[in-house]
Engineer: 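Structure below; questions to follow.
The residues of the chain are indexed from 1 along the displayed sequence.
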Amino acid sequence: LTLNNLSDNPGAIKRKRRVGRGIGSSKGKTCGRGHKGQKARAGKGVHPTFEGGQTKFYKRLPKVGRMKNSKFKLELIPLNVGKVQDYVTMGRLIPERSDGVLTMRDFVAAGMFPASSIKSGVKLLGDGKEFVKDKLLIEVPWASSSAIQAIESKGGYVTTVHYNRLALRAHLKPHKFPLKPTNNGDEDANASVEHDQHILPKRARPPPKYMQYYTDYEKRGYLNPRVQLERKQRGLKDIL
């Protein structure tokens, strides 16, 4: 056996039939496609899911699960209490409000995540709860029970607050909204503009789907009367 007589076994390779080479080839003239019609033309022909014009099978099935509810899905950024404690210890996370409550705007200012990445809000999780040692006051749209327990065990408090799309934009980017009119009509260009000097839209109520969550005390919903009383006793600002 040498390279000049090396070949495949007989029948190992089948030659492709050449169509359109006369009637003697058994595939001449119409090349086995028959006369006229969509299947006889050049191109891809009929789609595999085509059923002759009747409603396709996948369209006759009901929409379920992800197919039906994908547009209502909340894109929440996970935030662990251990990470919050680390940023507080480093001195990077400083509350902007006078009552010392940490909000999503403080998380963005600390560089924990960009404002553009917040689509539906932030969910506070309990990973790293053994490292929590400071009295933290936090307002977020969603919070797990372990995160609430970890914060409140050190004397802190967690409040879950609903933000729709407009309220979230007003919270993260208040400078996009017009300023309140001043009494003297003069604008101080050197002074820094505070967020409460902007005309912000009124907060919308949660939709019926989430009303049960924000009225539940176990979730520390801001619409729960007991939560509102505890916030007032702590001297926290009212959520309008």
Engineer: Taking the inter-plane angle between the rings of His171 and Tyr163 on a 0 to 90° scale, is it parallel (under 30°), tilted (30 to 60°) or perpendicular (over 60°)?
Structural biologist: tilted

Engineer: Should we say atom CD1 of Ile23 is surrounded by more than 12 heavy atoms from elsewhere, each under 6.0 Å from it?
Structural biologist: no

Engineer: Between Glu230 and Arg234, does any side-chain N to carboxylate O distance fall below 4.0 Å?
Structural biologist: no

Engineer: Can you spot which of Ile138, Leu76, Ile148 makes a side chain to side chain contact (heavy atoms under 4.5 Å, CB included) with Leu124?
Structural biologist: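 For Leu124, the side chain to side chain contact (heavy atoms under 4.5 Å, CB included) check succeeds only for Ile138.
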
Engineer: Do Leu236 and Val88 share a hydrophobic cluster (ILVMFWY, side-chain heavy atoms under 4.5 Å, transitive)?
Structural biologist: no

Engineer: With a 6.0 Å cut-off (strictly less than), is the heavy-atom count around NZ of Lys56, excluding the residue itself, greater than 12?
Structural biologist: yes

Engineer: Between Asn5 and Thr2 (side chain of the first, backbone of the second, donor and acceptor by atom type, cut-off under 3.5 Å), is there such a pair?
Structural biologist: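 The answer is yes, because a donor-acceptor pair under 3.5 Å joins these two groups.
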
Engineer: Are Ile94 and Val81 connected into the same hydrophobic cluster when the rule is that any two of I, L, V, M, F, W, Y join if their side-chain heavy atoms are below 4.5 Å apart?
Structural biologist: no

Engineer: Verify, without hydrogens or angle tests, whether Gln85 (side chain) and Asp134 (backbone) share a donor-acceptor contact under 3.5 angstrom.
Structural biologist: yes

Engineer: Between Gln149 and Ser145, is there a side-chain donor-acceptor contact under 3.5 Å, judged purely by atom types and distance?
Structural biologist: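 Gln149 and Ser145 do not have a side-chain donor-acceptor pair below 3.5 Å.
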
Engineer: Determine the interplanar angle of the Tyr214 and Tyr222 rings, folded into 0 to 90°, and report it as parallel if under 30°, tilted if 30 to 60°, perpendicular if over 60°.
Structural biologist: perpendicular

Engineer: State, without any angle test, whether Arg17 and Ser26 hold a side-chain donor-acceptor pair at a distance under 3.5 Å.
Structural biologist: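 Indeed, the side chains of Arg17 and Ser26 share at least one donor-acceptor pair under 3.5 Å.
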
Engineer: Are Val64 and Tyr58 linked, directly or through intermediate hydrophobic residues, by side-chain heavy-atom contacts shorter than 4.5 Å (ILVMFWY only)?
Structural biologist: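 No.
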
Engineer: With a 6.0 Å cut-off (strictly less than), is the heavy-atom count around CD of Gln212, excluding the residue itself, greater than 12?
Structural biologist: no

Engineer: Heavy-atom count check: over 12 atoms from other residues, nucleotides or ligands less than 6.0 Å from Arg60 CZ?
Structural biologist: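 Atom CZ in Arg60 is crowded, with more than 12 foreign heavy atoms closer than 6.0 Å.
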
Engineer: How close do Leu79 and Met112 get, heavy atom to heavy atom, and via which atoms?
Structural biologist: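 Shortest heavy-atom separation between Leu79 and Met112 comes out as CD1-CE, 3.5 Å.
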
Engineer: Any carboxylate oxygen within less than 4.0 angstrom of a Lys/Arg side-chain nitrogen, looking at Glu139 and Arg231?
Structural biologist: yes

